[in-house]
Amino acid sequence: MTYQPNQIDEIAKKIWKEQDVYRVENDFSKPKKYILDMFPYPSGAGLHVGHPLGYVASDIYSRFLRMQGYNVLHPMGFDSFGLPAEQYAIETGQHPRDTTAENIKTYRRQFDKIGLSYDWSRQVVTSDPSYYKWTQWIFSELFNSIYCNENQRAYKIDVLIKHFEDHGSNGNTAFTNQNVDEFTAAEWKLKSEKEKSDVLMSYRLAYVSYGEVNWCEALGTVLANDEVINGRSERGNHPVMKKKMRQWSLRITAYAERLLRNLDELQFADSLKDQQRNWIGKSVGATVEFKVENHKAESGIAVYTTRPDTIFGATFIVLAPEHPMVSELTSSENHEQIEAYILACKSKSEIDRQAEKTVSGQFIGSYAVHPFTKKRIPIYVAEYVLMGYGSGAIMAVPSEDERDRKFAEKFGIEIVEIFDKSGILKAEIGDKQGKLINSDFINGMSWDSGFEAVVLALEKEGQASFKTQYRLRDANFSRQRYWGEPFPILWKDDIPELVPITDLPVENADVSEITPTADGRAPQARNEAWVHAVPGFQREVDTMPAFAGSSWYFLRYMDPNNTENFVDKKVATYWNQVDVYVGGTEHAVGHLLYSRFFNMVLFDLGYISFEEPYKRLINQGMIQGRTQFVYRRNSNPNLFVSKNLIPKEQMTEYSPIRVDVSFVESDILDLKKFKAWRKEYALAEFELEDGKYVCGSEIEKMSKSKYNVVNPDTIIDKYGADTFRMYEMFLGPIEQGKPWNPLGIEGVSKFLKRFYSLYFDEAGHSRLSDLTPTSDELKSLHKVIDKVTRDMENFSFNTSVSSLMIALNELTSFKTTSSEILIPLLRVICPLAPHTAEAIWVQLGNKESIVKVKYPEANLEYLREDAIEYPVSINGKTRTKIRISADADENSAKEIVLADEVVLKWIGVQEVRKFIFVKNRMINIVVS
RNA sequence: GCGGGUGUGGUGAAAUUGGUAGACACGCUAGACUUAGGAUCUAGUGCUUCGCGGCUUGGGGGUUCGAGUCCCUCCACCCGCACCA
C-alpha cells in the first residue's frame, strides 16, 4: 500500500475523535504550558493559506510540549462581534447571529481539516451571551474603579468616595486627566447626585464624557485612535472627522507608565516593543507659564516643552486653533482674521489637515511676556499646534525647532541662536549639541543642565514645573453600532448607573432594522421596549467596540464554563500567563495594549495573580498572494496578448486584468477556464507564444477581490493535511512574510510518501524488524532528535523539516528496518506530521493514540565521532581535508598535518609562522 | 523626518553564533525504467576557466590566523509612526 493522504487523514482523525485526545483538564498536579493563537474574526470568506501559518506553528509546539509531559492549554475561539458581520447583515437581511454561526462552522471545519489540536470544549465566542456577560461585568469593574497615582494601582471607587466624604478633594491621589475643582468634605456632602456623579466620572477607569471623537460618517460610528490611519478608517478606508459626542472611554492613560515599564520584561520582538513605546509616547519636559501683557487674568498661557533649556530662544508663542484662550486674547483688530482662520481649520478634514505641508497661522494681536527677559513676544494661532497634546500651546524656538523656524521665516519673526555649535561636525537643528549662548544665567551650560536650571528657577516663582507627558490617549469605547456588547448601563436624569450583576448579561435588542434611527441614535434605540425595559431608566443604546471581547478572552479559556465568575482565581493562577502567544503584528498597538491594560486592572483588583498576560509573543509573517494578470488590448477588448509578446513601451496600450489564480499554472493560462469565467470573455481571442498564453504576476495581499486567494482545503484535498502543514513550515522562518508559491509543495509531498514507505512495503506489510541498529543509524536518529528538539524553542520549524528530510535520506540509504530507530523517529515527526505519524502508529498495531506518547530524548553519545575530518586552510583558504582522531591535541594534529603531501605542496618553500588548531572544527596554517 | 527590520545561487532558504558559505527543497540538465510521463529512480547543478586555479553572501573600507556573522560608511527595499512641541 502506498501513501494515501486522504485515507491517512481519516484514520488519524478518527482516533483523535474516539479517544478525545485534545481535551485538557485543570489538573493542578501537572506542569502546565499555555500556548495561544490570536483568535480570528470569522469572516464569510473562510481561511486562506496565509491564516494557518501561525496556527500550524503553535500546534506543532503544543503537540511537542504535550509529548514532553506538560498539561497544555491550547484553545481556540472566535472574535465574532464586529462591523463586517453587521454590514453583511444589512446587505443581505440576515441576522449577524446567524451568519456568524455559519462562518464559525466553516472555520471549525477548516481547522479540523488541518488537524489543529484545539480543545474545542473550551471554545469561546465573544458574541455569545454566556461570554459577553463577563465582558459586561469587566466593564462594570472598570466603571467602579479608579487609579491611585501614589500606589500605582487600581482600587474600587468606594475608597475614593470615602476619601471625599472625610477629606474632600484634599490629598486625593486618584488619577485624572480632566479638570476637577477643589472641594471640602462638607461641600461634597452638599453636592447633588448629578454633581457627585460628574466628579466621580473624572476618575472612573470606564467613564462617559462629551468630547471630540473620531467620527466616521460612512460607517456611522466613532472609532478608536488605533482604528484610524492617516485620517481614514482602518476598515473601509473612509474619511474620519472630529465630532463632539457623548462617549464612553477607558482611562488607559492611567496605566501609561506601567504599560511602558513592563515592556522590558516581556519577550516580544524589539520592533513590536518599539511600536508600543512609540504609541505610549513618553516625553519628559516641563510646563512653563507665559504671562500675557496687559491681561487681567491671573494665570498666563501654560506651554508644554521638552526643551526648557531653549527658553531664551523662544521668540513667539503658538496656540492651537481650539485653545480655550484664543478668543479672549484676540485683539479686536485681529478678530476677523482669527475667526476666519479657525473656521478654515475646522472645515478641513483630518486628511486635508495632515496633507497640508505649508505653514499657516495668524497673529492674534496680543503679546506674552518672556519670564526671564521680560521681552514682549507675539502670540499666534497655528494649525501645527495640536490641542490634544500637552497644553495645546507652545513656546516656539525657531533656532532649535524646524517647524518653528519655518513659521518664523514665513512671518518674519526674530530667530535667536542659543547654542554655540562651532566645532561640532554635522551640527543639526535641535540636536542638543554645543554650549548655551545668549541665554543669561545658563550661558555655557549643556542642554541638560540648562533644562534643570530653568525649571528650578521658574518653579520658585510658580511659573514652571517638571512634567512627564504621554502621547497615549484614553480609548474611545462607544460604537453607534448594533453587533457588539450592549453596555450594562441604565440612564436616569443624565446619570449612568450599572445594571446589577445579577441582571447580566444585557442581551442585544431585537431590532427591525440594523441601521441608525432617523435622529442618528444607534440601532438598538429602534427597540423602544428594550430601551425602557427597566421602569424609570433608559438603556444605553451604544455598543462596545470589537476590542472589548478580545481584551480578556485568554482568561476565559482557562475556565470557560464558569457561571459564577469570569474565571476562578485558582484556575487562573494555575494556567497563569500565556507562555507563547502567536499572531500577527497588526495588533501591535491595539489588541496587545488593550489586553495588557485589562489584565493589569484585573490584577490590581485581585481577581488574577499575574500582571502581564503574555510572557512571549511570536509574530508570524503574512503570506501574500501571487496575483496573475492577462493583458487586454485597449483598441480591441476581445484580444488578449501573451505577456512576452508585448514590448515594455507598448504596455500602455493594454489593460492588465486580474484573473483567478486557479486558472493559471506556472504562469500559463488555462484558456478554457478563462473563457468560461465570465460572459464577456466567452469570445476572447488570444495571441499566444509557443502555443501558450503567459500571464504576468504581482505579489499582493491575499484577497478575494484580487482573485489570488488560495484555499487550504484544495491543497489538503490534493496532498493531505500533513503535506500542507509541513510545507507551510518549510517555506521559511515563521516571522518572515513571503508570497505563497505552490511549486515547492511536491518536495514535501514526496518526502511524506517516502517516509511512509520506510514503514510499509507496497503490499502494506510492515517492514519493521528487531535488528540491532548500527551506529550510523543511531547517529542519524539522534541527530534529528537533537535538532528538532532545539528548533522547537525557537519556532524554527523550517530547519526541523530539513533535518527530518536528511534523516530520511540517510536511513533510506542504510535500508533501515530496525524498530529501535523507526519507532522513535515516528515520535519525532509526530508534532509536524501528526496524521501520518498516527496512521502509521495505528497500522503497526497500537491502540492508544501517539499524541501523548513520550517524545524521544537525544543521546549525544551517539553523535560523537572517533575521527574528525578537519578542513585544513593555508592562509585562510581551505586546501584539503585530513581525518584526525577526535581526541588528538594540537601537537599531534600539527605533526600529522605538516606531514601531509597536499599541505606540503601548498606550503612550498614558505615558512610556517602560525598553526591554528580549533578542536573539532578546523585547522589554519599561516605561512609567508 | 523618526524608529525597527531585511539584503546569500535561477527560486524558497541553511549556516552549530567568528571556523569547510549555499544544508534541505524547488527548478533545470543528462540518464534509467516505461506505450507515455506532469510517476519513480540515478547522477550533475553558485559564477568563471579546457584545466591547475580564480572569484563569490547589496557596494566600499576596517578588526582578525580566519568575517555572511563584529565595527565604520554608503546604497536598495520592506514595515511601523508622523506637525507630539
Side-chain angles (χ1 to χ4, degrees), chain A residues 2 229-230 269-279 281-283 285 303-307 310 314 318 320 353-354 356-357 359-360 382-386 388-397 400-404 406-407 428 430 469-473 585-586 588-589 619 621-622 665-666 726-727 730-733 735-748 750-751 753-754 786-787 790 796 798-809 869-881 913-928:
Chain A
T2 51
I229 291 161
N230 291 332
D270 287 340
S271 63
L272 194 125
K273 285 190 189 181
D274 274 332
Q275 276 184 59
Q276 291 212 354
R277 286 191 188 109
N278 201 307
W279 191 257
K282 180 177 183 172
S283 73
V303 304
Y304 178 71
T305 177
T306 54
R307 298 293 305 279
T310 64
V318 188
R353 224 165 141 162
Q354 287 185 9
E356 192 69 63
K357 288 294 170 213
V359 193
S360 77
E383 256 188 306
Y384 82 90
V385 174
L386 309 173
Y389 186 78
S391 57
I394 62 160
M395 62 173 208
V397 184
E400 281 300 298
D401 184 283
E402 208 157 315
R403 291 153 308 172
D404 296 347
K406 274 189 197 151
F407 195 90
E428 275 166 36
Q469 185 78 39
Y470 299 90
R471 200 176 314 178
L472 184 70
R473 313 286 168 83
T585 43
E586 66 272 20
V589 293
N619 296 116
M622 198 169 55
E665 215 180 314
S666 302
M726 284 186 103
Y727 183 58
F730 191 53
L731 237 32
E735 307 85 0
Q736 223 167 80
K738 55 224 138 195
W740 175 258
N741 172 9
L743 289 177
I745 201 162
E746 295 286 346
V748 177
K750 238 189 280 181
F751 162 76
K753 281 181 195 162
R754 289 176 52 219
D786 180 50
K787 176 65 180 154
R790 279 187 288 118
S796 169
N798 53 331
T799 53
S800 296
V801 177
S802 301
S803 59
L804 280 160
M805 287 172 169
I806 293 169
L808 174 66
N809 290 345
E869 187 156 78
Y870 280 94
V872 179
S873 304
I874 285 127
N875 283 349
K877 285 198 200 305
T878 308
R879 294 302 182 187
T880 185
K881 289 168 192 168
R913 307 190 69 103
K914 219 169 185 178
F915 185 84
I916 290 140
F917 176 78
V918 184
K919 201 167 164 101
N920 294 332
R921 285 259 183 268
M922 48 75 65
I923 290 161
N924 190 16
I925 303 165
V926 185
V927 299
S928 67

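What you see below is based on every heavy atom in this structure, not just the backbone, and it leaves out hydrogens, waters and symmetry mates.
- For the P atom pair drawn from B:rA76 and B:rC83, the interatomic distance equals 25 Å after rounding to whole Å.
- Under the Watson-Crick or G-U wobble criterion, with both distances below 3.5 Å, B:rU8 is left unpaired in every strand shown.
- Nucleotide B:rC47 forms a pair with B:rG54, judged by Watson-Crick or G-U wobble geometry with both contacts under 3.5 Å.
- Projected onto RNA chain B by closest heavy-atom contact, A:Asn741 and A:Asp401 fall at different nucleotides, the more 5' of which corresponds to A:Asn741.
- One P atom belongs to B:rC47, the other to B:rU56, and the distance between them is 16 Å to the nearest Å.
- Neither OP1 nor OP2 of B:rG54 sits under 4.0 Å from any side-chain N or O of A:Lys877.
- Heavy atoms of A:Val926 sit under 4.0 angstrom from primed sugar atoms or phosphate atoms, though from no base atom.
- The base-pairing partner of B:rG80, taking Watson-Crick or G-U wobble contacts with both distances under 3.5 Å, is B:rC2.
- In this structure, the CG atom of A:Leu804 is 18 Å from the P atom of B:rA23, given to the nearest Å.
- Taking atom C1' in both B:rC52 and B:rU35, one finds a spacing of 49 Å when rounded to whole Å.
- Nucleotide B:rU20 is matched to nothing when pairs are restricted to Watson-Crick or G-U wobble geometry with both distances under 3.5 angstrom.
- Nucleotide B:rG10 is shown with an anti base, its glycosidic torsion being more than 90° from 0.
- The separation of B:rG58 from B:rA13, taken at their P atoms, amounts to 14 Å, rounded to a whole angstrom.
- Contact check for A:Leu808 versus A:Met805: no side-chain heavy atoms found under the 4.5 Å cut-off.
- Side-chain atoms of A:Asn741 and A:Tyr727 include no donor-acceptor pair closer than 3.5 Å.
- Within 4.0 Å (heavy atoms only), A:Gln469 reaches no atom of the nucleic acid at all.
- A salt bridge is absent between A:Lys273 and A:Asp270; no separation between the charged side-chain nitrogens and carboxylate oxygens falls under 4.0 Å.
- Of the nucleotides present, B:rU42 is the one that pairs with B:rA30 by Watson-Crick or G-U wobble criteria, both distances under 3.5 Å.
- Straight-line distance between the P atoms of B:rU29 and B:rA14: roughly 27 Å, to the nearest whole Å.
- With C1' as the reference atom, B:rC24 and B:rG9 are 14 Å apart, rounded to whole Å.
- Dashed line: the shortest gap from a side-chain N or O of A:Asn798 to OP1 or OP2 of B:rA14 is under 4.0 Å.
- For A:Asn924 against B:rC65, a side-chain-to-base donor-acceptor contact under 3.5 Å is present.
- Base pairing analysis places B:rA13 opposite nothing; no Watson-Crick or G-U wobble pair with both distances below 3.5 Å involves it.
- Contact annotation for A:Asn875: no contact, since no heavy-atom pair falls under 4.0 Å across all strands.
- No engagement by A:Asp404 is indicated, since no non-hydrogen atom pair under 4.0 Å with the nucleic acid exists.
- Looking at heavy-atom distances under 4.0 Å, A:Met922 makes contact with a base.
- Between B:rC81 and B:rG66, the two P atoms lie 45 Å apart (nearest whole Å).
- Listed by chain and number, the residues in a salt bridge (Lys or Arg N to Asp or Glu O under 4.0 Å) with A:Lys919 amount to none (sequence neighbours excluded).
- Atom name P, nucleotides B:rA36 and B:rU49: the rounded distance is 37 Å, in whole Å.
- In this structure, A:Lys282 reaches neither bases nor backbone, as no heavy-atom distance under 4.0 Å exists between it and the strands shown.
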